[in-house]
Amino acid sequence: MNHRLFNSVEQNILRDIMRLRRDVRGNRFLEKEVGDFQLDAILDAALMAPSVGFSQPWRFVIIREEHTKQQVAKVFHEENEKAIELFKDTKANLYTKLKLEGITEAPINIAVFYEASDTPVLGQTSMLEAGQYSTVCAIQNMWLTARALNLGMGWVSILDANKVSTILGANAKQSLVAYLCLGHVDTFYDRPELETLGWADAKSASDVVFCEKLS
């Protein structure tokens with residue numbers, strides 16, 4: 001048993017780490033290597049995440065080779081061209097100006113996979129997606145730890161998951177959940193970049209918190 005209690009200073013530090021976490025784009029990364037101890041700390045944080053039935057279904061691929069990054073970047077650019085079409089009538093000008101990834105700029109890329117179990121998993125028999133949700137918990141731990149280490153992390157979601165999985169040698173049981181870019185950055189924005197640029201406004205608790213029912 002561990003009855004460790006946290007004081008108000010520690011609680012405020014945690015809140016600051018969460019409040020100041022940012023999704024970092026490629027135009028912010030520096031040409032500075034990430035230390036092995038920093039990467040180990042981020043991966044260690046991932047392994048501490050909660051998982052349905054203690055299944056620990058996450059798998060991590062560390063990518064440093066330029067050739068691999070270029071292959072993934074090609075997939076991004078293909079998918080990004082398709083995405084531009086979806087915003088033509090609303091935010092086309094802003095969308096084309098956004099830097100939405102840092103695949104080649106970041107010194108380290110991390111692909112995070114969910115690996116499905118061959119046997120029933122406690123707590124996952126009704127909601128199969130709980131395994132992927134568990135993997136996202138690990139990703140959040142990584143993101144917060146990166147920020148605590150003063151490193152930037154960006155999540156690239158404009159990708160064809162099947163193509164990236166093929167590039168990285170995933171098997172049929174392994175599905176891509178996140179492709180992350182990690183590195184030192186020149187600055188952290190005070191507010192989320194998309195909020196700063198006017199893409200969307202921050203929602204308040206009154207917008208998203210309901211009592212008893214959603215409607």
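Positions are given from 1 along the sequence.
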* **Check: Thr145 side chain, Met142 main-chain N or O, donor-acceptor pair, under 3.5 Å** => no
* Is Phe188 reachable from Leu180 through a run of I, L, V, M, F, W or Y residues, each pair having side-chain heavy atoms under 4.5 Å apart? -> no
* **Whether Lys91 side chain and Trp199 backbone form a donor-acceptor pair below 3.5 Å** => yes
* Are any non-hydrogen side-chain atoms of Asn80 and Tyr95 less than 4.5 angstrom apart? -> yes
* Asked: Would you say the side-chain atoms of Trp143 pair up with the backbone N or O of Arg22, donor to acceptor, closer than 3.5 Å?
  -> yes
* Asked: What are the two closest non-hydrogen atoms of Val34 and Gly183, and how far apart are they?
  -> CG2-CA, 3.7 Å
* When rounded to the nearest 0.5 angstrom, what distance separates CG in Leu144 from CG in Asn141? -> 7.0 Å
* Asked: With a 4.5 Å limit on heavy-atom distance, are the side chains of Glu193 and Glu195 in contact?
  -> no
* Asked: Donor-acceptor pair, Lys69 side chain versus Ala106 backbone, under 3.5 Å?
  -> yes
* Asked: Is any side-chain heavy atom of Gln174 less than 4.5 Å from a side-chain heavy atom of Leu168?
  -> no
* Looking at side-chain heavy atoms only, is the closest gap between Val156 and Ile103 below 4.5 Å? -> yes
Expected list for residues 120-130: side-chain donor-acceptor pairs under 3.5 angstrom, two or more places apart:
unit_1, atom_1, unit_2, atom_2, d
Gln124, NE2, Tyr114, OH, 2.9
Gln124, NE2, Leu128, O, 2.8

* Asked: For the side chain of Gln11 and the backbone of Phe6, is there at least one donor-acceptor N/O pair under 3.5 Å apart?
  -> yes
* Any chain of hydrophobic side-chain contacts (each under 4.5 Å) joining Val136 to Val61? -> no
* Asked: Distance from Ile63 atom CD1 to Gln71 atom CD, nearest 0.5 Å?
  -> 10.0 Å
In a table with atom names and distances, give each donor-acceptor pair under 3.5 Å that connects a side chain of residues 36-48 to protein atoms at least two apart or in another chain.
unit_1, atom_1, unit_2, atom_2, d
Gln38, OE1, Gly35, N, 2.8

* How many angstroms lie between CD1 in Ile13 and CG in Asn7, if you round to the nearest 0.5 Å? -> 8.0 Å
* Taking only Lys NZ, Arg NE, NH1 and NH2, and the carboxylate oxygens of Asp or Glu, determine whether Arg64 and Glu33 approach each other closer than 4.0 Å. => no
* Asked: Do the non-hydrogen side-chain atoms of Ile108 and Ile110 ever get within less than 4.5 Å of each other?
  -> yes
Residues 208-215, side-chain donor-acceptor partners within the protein, below 3.5 Å, at least two apart:
none

* **From Asn12 atom CG to Arg19 atom CZ, the distance as rounded to the nearest 0.5 Å** => 10.0 Å
* Verify side-chain contact (heavy atoms from CB on, under 4.5 Å) between Val52 and Tyr133, making sure each step is shown before the conclusion. => CA-CA 9 Å; Val52 61; Tyr133 298 160; over 6 Å; no
* Asked: Is it the case that one hydrophobic cluster holds both Tyr189 and Leu100, taking links as side-chain heavy atoms less than 4.5 Å apart, direct or via other members?
  -> no
* Looking at residues at least two apart in the chain, or sitting in another chain, which of them share a salt bridge (charged side-chain N to carboxylate O under 4.0 Å, His left out) with Lys82? -> Glu79
* Asked: Taking only residues two or more places apart in sequence or in another chain, which ones pass side chain to side chain donor-acceptor pair (under 3.5 Å) with Glu65?
  -> none
* So if you build clusters from Ile, Leu, Val, Met, Phe, Trp, Tyr with side-chain heavy-atom gaps below 4.5 Å, do Ile167 and Phe60 land together? -> no
* Side-chain heavy atoms under 4.5 angstrom apart, residues restricted to Ile, Leu, Val, Met, Phe, Trp, Tyr: same cluster for Trp155 and Leu176? -> no
* With side chains defined as the heavy atoms from C-beta onward, is the minimum distance between Arg147 and Met18 less than 4.5 Å? -> no
* Structure fact -> Hits for side-chain contact (heavy atoms from CB on, under 4.5 Å) against Asp201, two or more places apart or cross-chain, chain-then-number order -> none
* Asked: For the side chain of Lys32 and the backbone of Val185, is there at least one donor-acceptor N/O pair under 3.5 Å apart?
  -> no
* At their closest point, which heavy atom of Gly154 faces which heavy atom of Asp23, and how far apart are they? -> CA-OD1, 3.0 Å
* To do: May I ask you to decide if Cys181's main-chain N or O and Asn109's side chain share a donor-acceptor pair within less than 3.5 Å?
  => no
* Interatomic spacing from CG in Leu5 to NE2 in His3 - rounded to 0.5 Å -> 9.0 Å
* Lys203 backbone acceptor or donor facing Asp207 side chain under 3.5 Å -> no
* Asked: About how many Å separate CD of Glu81 and CZ of Phe76, when rounded to the nearest 0.5 Å?
  -> 9.5 Å
* Structure fact -> Which of Arg28, Arg25, Lys99 passes side-chain hydrogen bond (donor to acceptor under 3.5 Å, both in side chains) with Glu105? Answer is Lys99
* So do the side chains of Trp58 and Val177 get within less than 4.5 Å of each other, counting heavy atoms only? -> no
* **Check: Ser51 and Pro57 side chains under 4.5 Å, non-hydrogen atoms** => yes
